Novice: 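Would you mind keeping the following structure in view while I ask a few things?
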Amino acid sequence: MGRVDLEHRRRTYAGWIPPTVAALLHEHGHHDVLRQAATHDDWFCARRLAETASASGPEGQATALALLEPFAATGWWPAVDTVAGLLTEWEQHEEAIVLSAQRADLRWSALGAGFEGSLHHAVS
């Protein structure tokens, strides 16, 4: 699972349960279906479960982070933003800033490397 794959899936829902369906599954108590999909890298299901878990104290917060960490570890911005938002809600502002700054640096480096490569190619 990489950033490009995640972004493609987010836009097309390819291989993922759409967010409205995930919300309905959650609403009707089909948490096992959500958990199964989340273990197979379904962002919408993992996010839905994480949002619910995060409201149930420190243990739930740890569960939420465990659900979202594989997505955020790729540097995929929607996941990083979601984790940073949860950390902020939990008043862990410094952790949110550090996470966001690290991921922004990764994104900038990737953009810069692409730009430098394009610039070098254009000059050659």
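In this text the structure is predicted, and so the values were computed from the model without any measurement.
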Novice: Where is the tightest heavy-atom contact between Pro78 and Glu7, given as atom of each residue plus distance?
Specialist: CG-OE1, 4.3 Å

Novice: Please report the shortest heavy-atom distance between Leu86 and Ala64, naming the atom on each side.
Specialist: CD1-CB, 4.4 Å

Novice: Hydrophobic clusters here meaning ILVMFWY residues chained together by side-chain heavy-atom distances under 4.5 Å, can you tell me if Leu25 and Phe44 are in one?
Specialist: no

Novice: Please examine the side chains of Ile17 and Val33, heavy atoms only from C-beta on, and report whether any two atoms are closer than 4.5 Å.
Specialist: yes

Novice: Are the side chains of Glu27 and Leu24 in touch, meaning some heavy atoms are under 4.5 Å apart?
Specialist: yes

Novice: Can you see which heavy atom on Leu34 is nearest to which on Ala22, and at what distance?
Specialist: CD2-O, 3.8 Å

Novice: Cys45 and Ala38: which non-hydrogen atoms are nearest, and at how many Å?
Specialist: CB-N, 4.1 Å

Novice: State, to 0.1 Å, how close Thr88 and Ala96 come at their nearest heavy-atom pair, and which atoms those are.
Specialist: OG1-CB, 3.5 Å

Novice: With rounding to the nearest 0.5 Å, note down the distance linking CG in Leu49 to CG in Leu67.
Specialist: 6.0 Å

Novice: Working to the nearest 0.5 angstrom, can you tell me the gap between Glu94 CD and Leu87 CG?
Specialist: 12.0 Å

Novice: Measuring from atom CG of Leu6 to atom OG1 of Thr74, what distance do you get when rounded to the nearest 0.5 angstrom?
Specialist: 5.0 Å

Novice: Which residue pairs pass the side-chain hydrogen bond (donor to acceptor under 3.5 Å, both in side chains) test when at least one of the two sits in residues 11-23, sequence neighbours left out?
Specialist: none

Novice: Measuring from atom CD of Gln61 to atom OG1 of Thr63, what distance do you get when rounded to the nearest 0.5 angstrom?
Specialist: 10.0 Å

Novice: Quick one: salt bridge (Lys or Arg N to Asp or Glu O under 4.0 Å) pairs with a partner in residues 37-64, sequence neighbours left out?
Specialist: Arg47-Glu51

Novice: Test of understanding: clusters of I, L, V, M, F, W, Y form through side-chain heavy atoms closer than 4.5 Å, transitively. Do Met1 and Leu68 belong to the same one?
Specialist: yes

Novice: For residues 52-76, which residue pairs pass the ring-ring contact (aromatic ring centres under 6.0 Å, His included) check, not counting sequence neighbours?
Specialist: Trp43-Phe71, Trp43-Trp76

Novice: For residues His8 and Ala14, report the shortest heavy-atom separation together with the two atoms involved.
Specialist: NE2-CB, 4.1 Å

